[in-house]
S.K.: 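My structure is below; once you've seen it, I'll send some questions.
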Amino acid sequence: MEHLLDWFPDRLQSWLAERGQPSYRAGQIRQWILRRRVDQFEQMTDLPKQLRAQLAAEFFIWSSRVAAHQKADDGTEKLLLELLDGERIECVLLRDDRHHRTACISTQVGCGMGCRFCASGLDGLIRNLTTGEILEQLLQLDRLLPAGERLTHIVVMGMGEPLANLDRLLPALASATDSQGLGIGARRVTISTVGLPAGIVRLAEAGVQYHLAISLHAPDDALRNQLVPSNRNVGIKALLEAADQYFQKTGRRITYEYVLIGGVNDQPRHARALAALLRGRKALVNLIVLNPVPELSYRPPAQAEVERFVQLLETGGINVHVRYRKGDQIEAACGQLRRRTDEHLPTGPAGLEKSPQTMPTGAETVSH
Ligand code: SAH
């Protein structure tokens, strides 16, 4: 048996052609699953009965089960999904008062980048997610919404490094942005990367209008090498060149994410150096106040230090946005729910309500 979502969009088309089916059948199947939230082939009433039986004999639709489901007071919901091989990943639905319904999704189990302040990479990379597993997160989140509501935005800011799994991510996003799929505009999709220049250039060449967010976190190589070890083989210069190329190709403003870590990268000299680095570029700096990870010793900066940092960037002519955590309940960083439940898998939502809520940090108030 095969995971049907893994065959979206192109392979399904070929499978149907081999069975003498017209090509529009692929669109019908996509619409049933992605738009009409149907998950039984039997219910796909505009398909010939025999085709429905053939599909049911060869494919299953869901490859994950909800191992935990958390809800925060502000409408944010987080799912811990257990995959066929028992690995677990996180995805999140964010609601805001502009009626944005944003899905934050993962691309890998674990992460190989090893950023020093991040929970997702503490155990390294376990494996890439498949196209179907990436798309399935969107479907699971979409189905949390009531009948009249749909996902409006996607942020690829969950676990993993998206540009290290681009071959599987791109077809999943194609189904998400397709008008016969989830119908989410490409300009409403944000891909957040640690900054792999080859991947950025590939994305630029792919001719898609996705919004790119680069996790910079430091204004010079010495500090970035410490916080983001993958920088040692890259360097900020090559990273910014790739980003400039992305901007030239797509015309889309780049967002630079900068996690503020108390006493480490939040000093006035860092703000001035960051402003100098980005001056003249069409860029937005997204400051993220660190979500402390219990296993790691970093702490968030004081409010006054955040304000000073913002002011220095603004004085330096840089567009800045500050992302605070949403609500007191929401404390832990991305990847922590998976880690916590590795030690002790909760029996269900009731068990989780007693624990502190955990949320990813990447996605709270993405505005574009
Ligand atoms: N690998 C990609 C996407 C996943 S992380 C990337 O590096 O961009 C999404 C964002 O959350 C990144 O900017 C990441 O640096 C940030 N992040 C990770 N751990 C964090 C923490 N403890 N507090 C605040 N932000 C964190």
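It should be emphasised that the depicted structure is a prediction, and the values quoted were computed from it without experimental measurement. One-based numbering, in listed order, for ligands and for the atoms of each.
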S.K.: Below 4.0 angstrom from a heavy atom of G158, which ligand 1 atoms are there? Numbered from 1 as shown, please.
M.R.: 4 (C)

S.K.: Suppose the criterion is salt bridge (charged side-chain N to carboxylate O under 4.0 Å, His left out): which pairs have a residue in residues 1-21, not counting sequence neighbours?
M.R.: R19-E58

S.K.: Are any non-hydrogen side-chain atoms of F247 and R281 less than 4.5 angstrom apart?
M.R.: no

S.K.: Counting each atom of ligand 1 from 1 as listed, which ones have a heavy atom of V259 under 4.0 Å away?
M.R.: 24 (C), 25 (N), 26 (C)

S.K.: What part of V194, side chain, backbone, both or neither, has a heavy atom within less than 4.0 angstrom of ligand 1?
M.R.: both

S.K.: Mind checking side-chain hydrogen bond (donor to acceptor under 3.5 Å, both in side chains) for R25 and listing every partner two or more places apart, or none if nothing turns up?
M.R.: Q21, Q28

S.K.: Tell me which part of M113 gets within contact of ligand 1: side chain, backbone, both or neither, using heavy atoms under 4.0 Å.
M.R.: neither

S.K.: Could you tell me if the side chain of L203 sits less than 4.5 Å from the side chain of T193, heavy atoms only?
M.R.: no

S.K.: What atoms in ligand 1 come closer than 4.0 Å to a heavy atom of C118?
M.R.: 18 (C), 19 (N)

S.K.: Could you tell me which atoms of ligand 1, counted from 1 in the order shown, lie closer than 4.0 angstrom to a heavy atom of H217?
M.R.: 13 (O), 15 (O)

S.K.: For ligand 1, which atoms have a heavy atom of V293 less than 4.0 angstrom away?
M.R.: 22 (N)

S.K.: Which of the atoms of ligand 1 are close to F117, meaning less than 4.0 Å from one of its heavy atoms?
M.R.: 15 (O), 17 (N), 18 (C), 19 (N), 20 (C), 21 (C), 22 (N)

S.K.: Ring centres under 6.0 Å, that's the criterion: do Y256 and H217 meet it?
M.R.: no

S.K.: Where on E161 is there a heavy atom closer than 4.0 Å to ligand 1, on the side chain, on the backbone, on both, or on neither?
M.R.: both

S.K.: Distance from L141 atom CG to L81 atom CG, nearest 0.5 Å?
M.R.: 7.5 Å

S.K.: Of all the atoms in ligand 1, which lie at a distance below 4.0 Å from a heavy atom belonging to G160?
M.R.: 1 (N), 2 (C), 3 (C), 4 (C)

S.K.: Suppose I only count heavy atoms of S192 and a 4.0 Å limit; which atoms of ligand 1 are within that range?
M.R.: 2 (C), 3 (C), 6 (C), 8 (O)

S.K.: Is the CD atom of Q303 crowded by more than 12 outside heavy atoms at less than 6.0 Å?
M.R.: yes

S.K.: Parallel, tilted or perpendicular for F59 and W15, by the 30°/60° rule?
M.R.: perpendicular

